[in-house]
Structures are given as structure tokens and as C-alpha cells.
Amino acid sequence: MEISTVTIPVSDQEKALAFYIGPLGMGIRTDNPFPMGRWLTVAPEGGTTTLLLASWFPDMAPIGGLILTVPDLDDLADRLRAAGTDAEGPTDEPWGRQLLFQDPFGNGYVVSQG
């Protein structure tokens with residue numbers, strides 16, 4: 001079994017796409033018409049799990065605690081801050097370095113350096 005897709009609730013798919021491919025550096029995997037909008041997925045280069053940027057769940061609460069791993073936390077923190085995102089860290093924790101941020105829709109992420 002493998003997790004193929006995680007649904008990320010967003011209110012504006014274009015704004016979400018700009019954020020996920022901009023400061024986060026992900027790539028578009030699918031962008032197809034869908035009865036309720038667009039089936040729009042993104043993923044990190046080489047990643048097997050995609051993020052579905054779904055705008056058709058207006059009552060869905062933002063997600064929290066999704067963990068990403070990047071090789072350079074300082075670079076990601078700089079890119080997020082340049083895009084106007086409040087990023088906490090990087091901080092050194094007993095379990096390693098981490099960075100916390102929220103996307104423009106309130107979805108919360110933890111990023112570890114790996």
C-alpha cells in the first residue's frame with residue numbers, strides 16, 4: 001500500500017498553485033478539468049505522493065502537521081519569507097532541525113532537514 005494523494009483544502013486554486021510551485025518549488029503533476037473545478041495536483045521533484053489542491057470543499061478545515069523534508073531549511077525559509085509567508089525557524093530541536101509555516105489557506109506544515 002502507498003499513499004498516493006493528500007487533499008489540501010484551498011479557496012483559490014490559482015493562488016495555491018503559485019505558492020506551491022513558487023516558494024515551495026513543487027511541480028505540477030496533473031491539471032485537468034473536473035466537474036467541480038480542476039483536478040490540480042503538485043509534488044516535489046522525484047516525490048511519489050501528490051498534493052491535491054482542492055477548492056470544492058469550502059467547509060473542510062485546514063490540515064495540520066503534514067511533514068516535508070528538504071535538504072536546506074535555510075534556503076526554504078528565505079524563499080517563504082520572500083513570498084510573504086511567516087515561517088518559524090529553522091530551529092534546532094532534539095530530533096533535528098525544523099521549520100514551521102502555513103500556506104495562504106491556513107494549512108500547517110513542519111519541514112525537517114534531511
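For this chain, numbers begin at 1 and follow the sequence in order. We use all heavy atoms of the structure for the numbers below, so side chains are in, but hydrogens, waters and symmetry mates are not.
- Between the CG atom in L100 and the OG1 atom in T91 there is a gap of 6.5 Å [rounded to 0.5 Å].
- Using a 4.5 Å heavy-atom threshold, the side chains of D103 and T85 count as separate.
- The two residues A77 and G89 make their nearest non-hydrogen contact at CB-O, 4.3 Å.
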Review point. What do the steps show when you test V111 against Q98 for side-chain contact (heavy atoms from CB on, under 4.5 Å), and what is the final call?
Key: CA-CA 5 Å; V111 187; Q98 75 175 25; over 6 Å; no
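- Note that CD of E14 and CG of D12 are 7.0 Å apart. Values are rounded to the nearest 0.5 Å.
- A salt bridge is absent between R79 and D74: the closest approach of a Lys/Arg side-chain nitrogen to an acidic carboxylate oxygen does not fall below 4.0 angstrom.
- Counting heavy atoms from C-beta on, the side chains of T48 and E2 come closer than 4.5 Å.
- With hydrophobic clusters built from ILVMFWY side chains whose heavy atoms lie under 4.5 angstrom apart, I21 shares a cluster with L53.
- Between W56 and W39, the ring planes lie parallel to each other; the angle is under 30°, not in the 30° to 60° tilted range.
- Using a 4.5 Å cut-off on side-chain heavy atoms (C-beta onward), L76 and L99 make contact.
- Considering OG1 of T50 and CD1 of I3, their distance stands at 11.0 Å, rounded to 0.5 Å.
- L80 has its side chain within reach of L24: a pair of non-hydrogen atoms, C-beta onward, lies under 4.5 Å apart.
- Summarising the geometry of P62 relative to G106, their closest heavy-atom pair is CB-O, 3.3 Å, with the distance given to 0.1 Å.
- Note: Y20 and Y109 have perpendicular aromatic rings, judged against thresholds of 30 and 60 degrees for the angle between ring planes.
- In terms of hydrophobic clustering, with Ile, Leu, Val, Met, Phe, Trp and Tyr side chains grouped at heavy-atom distances under 4.5 Å, W95 and I67 are assigned to different clusters.
- Of all the heavy atoms in P90 and R97, the pair that sits closest is CB-NH2, 3.2 Å.
- Here the CD atom belonging to Q13 is positioned 3.5 Å from the OG atom belonging to S55, to the nearest 0.5 angstrom.
- Heavy atoms only, all atoms of each residue included: P44 and M26 are closest at N-CG, 3.9 Å.
- Distance alone, capped at 3.5 Å, is enough to place a donor-acceptor pair between the R81 side chain and the A87 backbone.
- Between S4 and T49, every side-chain heavy-atom pair lies at or beyond the 4.5 Å cut-off.
- To the nearest 0.5 Å, atoms CD (Q113) and OG1 (T69) are separated by 10.0 Å.
- Within the 4.5 Å cutoff, no side-chain heavy atoms of L68 are placed close to those of V110.
- When all heavy atoms of D75 and D72 are compared, the closest pair comes out as N-OD1, 3.0 Å.
- You'll find the side chain of L66 reaches within 4.5 Å of the side chain of I8, heavy atoms only.
- A side-chain donor-acceptor contact under 3.5 Å links N107 to the backbone of P9.
- Within 6.0 Å of CD in E45 there are 12 or fewer heavy atoms belonging to other residues, nucleotides or ligands.
- Going from atom CG of L40 over to atom CD1 of I28 covers 6.5 Å, rounded to the nearest 0.5 Å.
- Counting all heavy atoms, side chain and backbone alike, R38 lies closest to D31 at NH2-OD2, 2.7 Å.
- Within a 6.0 Å sphere centred on CG of D86, other residues, nucleotides and ligands contribute 12 heavy atoms or fewer.
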